Structure formats: C-alpha cells, structure tokens
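The structure under discussion appears below in the form of structure tokens.
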Amino acid sequence: QVTTFDIDKTFEPDHLGSVHDLSRFKDKQFDMVIASHVLEHLSVSYLDQSLKEIARVSQYALIYLPVAGKHFQFRLRPGFGAIDICWFFDVFNWFERPDGVTARYMQGQHFWEIGMRGFRINDLIKRMSPFFDVITTYRNRDWNPSQNFVLKSR
C-alpha cells in the first residue's frame, strides 16, 4: 500500500502538507518513507525537524539528495558479466553558501545541496545520526547528480 504526501496539491497527494510536520501520522506507521529530492527545498532551519519526523513515522527511509556543482563520470561496462565500474568527479563552487544566500539556489528553489559548505556527505550523516542508523549511502550511477541514503530509524 502506498500513501502519497506532498506540499503541492496539483500532484493530488493522499495528504497535503510539509515534511517537517507529519503529526497526522502515528509512530512507525510506515514501513518506509521515500523522500526523493525533497529536503533541499527546505530552509536549513527545518531540516533537523524533517529528519526527526521521517524517522518517527517510518521504520526505514530512502532519501535522495542533489549534489551541487558540475559532475563528471567515467564508467566502464565491457558488456560481459556484471562488470560495471564507475568513478565520479565533482567540481564545486566553494563560495556557494547554503540557505538561499546565493541567488542561483534561490531561483532554483534549492536552499542547499550536497557539496556546499556544511553539507558534505559526512556532515549529513552526522545530522541524520540522532534519528537514523545509516545502512548505506551511494551515488546513483544512472542519475549522477543524486546521492542516496538508505536509513533505519532509531
């Protein structure tokens, strides 16, 4: 059974609201919550509350987040067996600051992205740790501007 939740009514979700307030749902009501490119649209001030709420209502979470900057990928798939080797190289603008300070992010509706100051992968894992055990984090080989986190709620 799938329950949809969105802030935008044009998507006709089952429930309308923001991820930082999931009070309408019971503790551990869902086996899994999938937040695909959602959290970066929230101001940093709502991030921890949103993570806490996702952990409260779910047993597991799959969170997809965008990676800032330009992305280069070298991928080797020789076509025999299951060999698929991939390397990513990202170029960040270290002067970009989170929380909408830079006009480019405000116009794109992203308040922050992975790679910005304070939002490296390890910074996000620390931020998630009070609420989740991180099972794994991986880069999507077929959508390389996305970093994915598989989490178990505490």
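All heavy atoms count here, side chains included; hydrogens, waters and symmetry mates do not. The structure presented is a predicted model; accordingly, all values stated were derived computationally and were not measured.
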Straight-line distance of [X] [atom1] to [Y] [atom2], nearest 0.5 Å:
X	Y	atom1	atom2	value
R120	I125	CZ	CD1	11.5 Å
N148	T137	CG	OG1	7.0 Å
L151	S129	CG	OG	9.0 Å
H20	S45	NE2	OG	8.5 Å
L65	L39	CG	CG	5.5 Å

Determine whether a donor-acceptor pair (N or O, by modelled atom type, separation under 3.5 Å) exists between the side chain of [X] and the backbone of [Y].
X	Y	value
E53	L22	yes
K28	S58	yes
R56	F131	no
T4	D14	yes
R139	Q147	no

Considering only heavy atoms from C-beta outward, does the side chain of [X] approach that of [Y] to under 4.5 Å?
X	Y	answer
Y60	D31	no
V33	F5	no
L47	L42	no
I135	D133	no
Q59	K152	no
E40	F119	no

Please answer: with hydrophobic residues joined when any side-chain heavy atoms are less than 4.5 Å apart, are [X] and [Y] in the same cluster?
X	Y	value
I54	V134	yes
I121	M128	yes
M116	V44	yes
V19	L16	no
Y64	I114	no

>> Under 4.5 Å side-chain heavy-atom separation, chaining through any Ile, Leu, Val, Met, Phe, Trp or Tyr, what else clusters with I7? Say none if it is isolated.
In response: none
> Closest heavy-atom contact between E113 and A68?
Replying inline: OE1-CA, 3.1 Å
>> Could you work out, with salt bridge (Lys or Arg N to Asp or Glu O under 4.0 Å) as the rule, every residue matching D21, not counting sequence neighbours?
In response: none
>> Between S146 and H37, is there a side-chain donor-acceptor contact under 3.5 Å, judged purely by atom types and distance?
In response: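 Short answer, yes.
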